[in-house]
Peer 1: 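Have a look at the structure that comes next, please.
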There are 2 protein chains.
Amino acid sequence: MKKSSKKKEYKKLDKTYHVFFTNLANPLKINIILSLKRKKKSVTELSKSLNIEQSKISHALTSLKCCKIVHAKKKGRKRIYELNKETILPMFKLINKHAKTVCKGDCVCKGDCTIK
Amino acid sequence: MKKSSKKKEYKKLDKTYHVFFTNLANPLKINIILSLKRKKKSVTELSKSLNIEQSKISHALTSLKCCKIVHAKKKGRKRIYELNKETILPMFKLINKHAKTVCKGDCVCKGDCTIK
DNA sequence: TTTTCATATGAAAGAGAATTCATATTTATT
DNA sequence: AATAAATATGAATTCTCTTTCATATGAAAA
């Protein structure tokens with residue numbers, strides 16, 4: 001792209017969409033969300049239960065926190081991360097339904113899709 | 001990443017999430033969706049109304065079609081693309097609500113976010 | 001107050017998706 | 001049949017996000 005950066009296309013209000021969906025387009029972050037769905041956890045707990053290196057978890061949580069998909073509260077030297085379920089859970093439900101009713105199982109896009 | 005590719009972390013069912021959200025994490029595709037929300041259009045019509053080069057539109061539509069966010073029907077030598085609104089519109093509503101109620105306007109993540 | 005535990009941060013490297021551009025394909029029109 | 005119009009495709013490049021890893025910061029424990 002020449003002049004205007006890609007995000008500029010979104011204008012103001014749509015930066016939200018970009019950050020939100022970019023977060024959800026990431027496997028690790030989805031796994032974090034699914035893990036927090038069950039129970040709030042510290043960084044170390046997430047790191048251990050998902051078997052993922054700590055700083056990776058931290059970076060991921062930073063983005064998730066940014067658009068308030070999660071929020072954190074201090075507890076001693078830990079930070080307990082909690083999922084903001086109000087938006088995420090209904091959103092997952094929508095996709096699950098989409099997968100079942102619209103895609104009817106073949107949503108997995110074999111070969112013809114530019115996304116791997 | 002060493003062995004397993006990133007998508008593998010998703011296991012089976014979650015490929016859907018990845019393709020779906022990766023599509024939505026893209027400004028052009030969001031703009032296409034918003035344009036089709038108003039009225040179904042051919043590739044050329046989209047290209048002109050968004051002022052974006054044709055093949056770019058085509059590539060974008062291919063991915064969107066893949067996970068059935070849009071679908072196309074032939075009409076002469078044109079392809080009329082139509083938005084599958086059932087999933088997308090409720091999803092946008094969720095985010096709009098999230099932006100208003102949860103983020104209260106500061107969802108734009110200034111600087112502290114890893115996502116540009 | 002030094003050590004240890006917990007988390008965050010920065011920057012370089014890596015990976016994946018978007019863009020570009022040339023060209024192929026497909027369908028209509030003449 | 002040849003041309004034109006509409007769309008699709010492939011591959012190289014570019015762009016953006018993620019990963020990595022070393023290290024910094026902050027808070028409790030010894």
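Each chain gets a letter, A, B and so on, in the order its sequence line appears, and its residues count up from 1. FYI, side chains are in, hydrogens and waters are out, and symmetry mates aren't considered; it's all heavy atoms of this structure. From a predicted model like this one, the values you see are computed outputs, not experimental measurements.
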Peer 1: Let me know the distance between CG of A:N26 and C1' of C:dG16, rounded to the nearest Å.
Peer 2: 11 Å

Peer 1: Give the intermediate values and the outcome of side chain to side chain contact (heavy atoms under 4.5 Å, CB included) for residues B:K37 and B:L89.
Peer 2: CA-CA 8 Å; B:K37 180 185 168 186; B:L89 297 191; 3.8 Å; yes

Peer 1: Please evaluate the base of D:dC17 for a donor-acceptor partner in the side chain of B:T114 within a cut-off of under 3.5 Å?
Peer 2: no

Peer 1: Are A:F92 and B:Y17 close enough that their ring centers fall under 6.0 Å?
Peer 2: yes

Peer 1: Check this for me: does the side-chain of A:Q54 come within 3.5 Å of the base of C:dA8 through a donor and an acceptor?
Peer 2: yes

Peer 1: Report yes if at least one side-chain N or O of A:Y81 is closer than 4.0 Å to OP1 or OP2 of C:dA8; otherwise report no.
Peer 2: yes

Peer 1: Decide, applying a 5.5 Å centre-distance limit and a 30° plane-angle limit (both strict), whether A:H59 stacks on D:dT19.
Peer 2: no

Peer 1: Once you round it to whole Å, what is the distance between C1' of D:dT16 and CZ of A:F21?
Peer 2: 18 Å

Peer 1: To the side chain of B:R77, which of D:dA5, C:dA8, C:dA17 is closest?
Peer 2: D:dA5

Peer 1: Is there side-chain contact between B:H18 and A:K116, with heavy atoms separated by less than 4.5 Å?
Peer 2: no

Peer 1: Roughly how many Å is it from NZ in A:K56 to C1' in C:dT9, rounded to a whole number?
Peer 2: 17 Å

Peer 1: Taking atom types as they are modelled, is there a donor-acceptor pair under 3.5 Å from the base of D:dC17 to the side chain of A:T22?
Peer 2: no

Peer 1: Between D:dC21 atom P and A:I57 atom CD1, what is the distance in whole Å?
Peer 2: 15 Å

Peer 1: Measure from CD on B:E53 to P on D:dA6 and round the result to the nearest Å.
Peer 2: 15 Å

Peer 1: With a 4.0 Å heavy-atom cut-off, tell me which residues in residues 40-51 of chain A come close to DNA chain D, sorted by residue number.
Peer 2: none

Peer 1: Which nucleotide, C:dA8, C:dA22, C:dA18, lies nearest any side-chain atom of A:S55?
Peer 2: C:dA8

Peer 1: Just the rounded figure in Å: distance from C1' of D:dT18 to CG of A:L64.
Peer 2: 13 Å

Peer 1: Please report, rounded to the nearest Å, how far the C1' atom of C:dT26 is from the NZ atom of B:K75.
Peer 2: 18 Å

Peer 1: Does B:E53 reach the side chain of B:S47, with side-chain heavy atoms less than 4.5 Å apart?
Peer 2: no

Peer 1: Check whether any side-chain heavy atom of B:L61 lies under 4.5 Å from a side-chain heavy atom of B:I32, and answer yes or no.
Peer 2: yes

Peer 1: Output the rounded distance in Å from CD1 (B:I80) to P (D:dA8).
Peer 2: 11 Å

Peer 1: Determine whether A:L28 and A:F21 fall in the same hydrophobic cluster, where Ile, Leu, Val, Met, Phe, Trp and Tyr are linked whenever their side-chain heavy atoms lie under 4.5 Å apart.
Peer 2: yes

Peer 1: State which of D:dT7, D:dA29, D:dT9 makes the closest approach to the side chain of B:K78.
Peer 2: D:dT7

Peer 1: Are the side chains of A:N23 and A:I33 in touch, meaning some heavy atoms are under 4.5 Å apart?
Peer 2: no

Peer 1: Under 4.0 Å, heavy atoms only, any strand: does B:K29 hit a base, just the sugar-phosphate, or nothing?
Peer 2: sugar-phosphate

Peer 1: Indicate yes or no: at least one non-hydrogen side-chain atom of B:H71 is less than 4.5 angstrom from one of B:K65.
Peer 2: no

Peer 1: Using a cut-off of strictly less than 4.0 Å, decide whether B:R79 has a side-chain nitrogen or oxygen near OP1 or OP2 of D:dA6.
Peer 2: no

